[in-house]
Amino acid sequence: MGENVEAIFVGAVCLFFGIGTVLWIARSSRRNTAKMDAWLRELTPSQILAEAMVAATGEGAELRARTVGKGAHKLWLHCTVESASGRWTATAKVAHRTSPPGGSYRDGPAEVGEEAPIRFGDDGEGISTIGQLDEAAGRRTGALAIPRPEGGTWLQLLTLPAVAEGSELVVRVTVADLEGESRATFRAFIGVSER
């Protein structure tokens, strides 16, 4: 009889700890999901300043916008690529220039920047080669790929330099060296996010 009570007690303790562990994992998972959602909301553009379709022929597209006061200005590429083999790659080249608030690049010297080519794709995993980070902290290329519920993927190609509100921002984006695709569309846009 004593062995049965002991077995029941051990079983109850195991059940208690088992249920507690499952509940703790479920709660942690919900908390982590909420943190991830909040993080993605901060990084995902809340405002789009300019957008243009980009042909994968190396011709490029130019985006022009006036900067806004709050948020990080980033260059994104919306990619929708179909590949028979499931593997594709391309290269993005980005050049940008800014002018002082209220001015235009035609009014005088503008700050000009050209980024190292950014290789992306390879199985749709996002950025596979990251451009050189030789500038101030906070500038980064190609670290983020976000699959979109409506299809395709947003790739964050570049965090643009911080400039005063009302500055003119001109970005030229070129997509070239596209390999392994059966059909592809690319749309570049300047988005403003919290960080």
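Residue numbers start at 1 and run along the sequence shown.
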Any donor-acceptor N/O pair, Thr67 side chain to Gly166 backbone, under 3.5 Å: yes
Carboxylate-amine/guanidinium contact Arg183 Glu181, below 4.0 Å: no
Minimal non-hydrogen separation, Thr185 against Met53, with atom names: CB-CE, 4.3 Å
Inter- and intrachain pairs under salt bridge (charged side-chain N to carboxylate O under 4.0 Å, His left out), touching residues 43-53, at least two apart: Glu51-Arg187
Minimum heavy-atom distance Ala188-Leu63, with the two atoms named: O-CD2, 3.6 Å
Leu158 vs Lys74 side-chain heavy atoms within contact, under 4.5 Å: no
Note, Ile146 side chain near Trp76 side chain (heavy atom, < 4.5 Å): yes
Non-hydrogen atoms of Val54 and Ala61 that approach each other most closely: CG2-CB, 3.9 Å
Val171/Ile190 under side chain to side chain contact (heavy atoms under 4.5 Å, CB included): CA gap, chis, key distance, verdict: CA-CA 9 Å; Val171 180; Ile190 298 171; 3.9 Å; yes
Aromatic ring pairing Phe186/Phe120, orientation class (parallel under 30°, perpendicular over 60°, tilted between): perpendicular
Donor-acceptor contact present, side-chain His96 to main-chain Glu115, <3.5 Å: no
Student check: side-chain heavy atoms of Val175 and Thr91 closer than 4.5 Å: no
Partners meeting salt bridge (Lys or Arg N to Asp or Glu O under 4.0 Å) with Glu150 (sequence neighbours left out): Arg148
Shortest non-hydrogen contact between Thr80 and Gly152, atoms and distance: OG1-CA, 3.9 Å
Glu168 and Arg64: CA distance, side-chain angles, deciding distance, salt bridge (Lys or Arg N to Asp or Glu O under 4.0 Å) verdict: CA-CA 7 Å; Glu168 184 181 51; Arg64 291 177 182 271; 3.6 Å; yes
Main-chain N/O of Glu82 paired with Ser182 side-chain donor or acceptor, under 3.5 Å: yes
Validation row: Leu155, Thr153 side chains within 4.5 angstrom (heavy atoms): yes
Atom pair CG/CZ of Asp177 and Arg119 - distance to nearest 0.5 Å: 5.5 Å
Distance-minimising heavy-atom pair for Pro101 and Glu165: CB-O, 3.5 Å
Inter-residue atom distance Leu160.CG - His73.NE2, 0.5 Å rounding: 8.0 Å
Atom pair CD/OG of Gln47 and Ser193 - distance to nearest 0.5 Å: 11.0 Å
Under 3.5 Å donor-acceptor, Ser167 side chain and Arg66 backbone: no
Exercise: identify the closest heavy-atom pair between Trp154 and Pro45: CZ3-CD, 3.5 Å
Leu49 and Val68, any side-chain heavy atoms less than 4.5 Å apart: yes
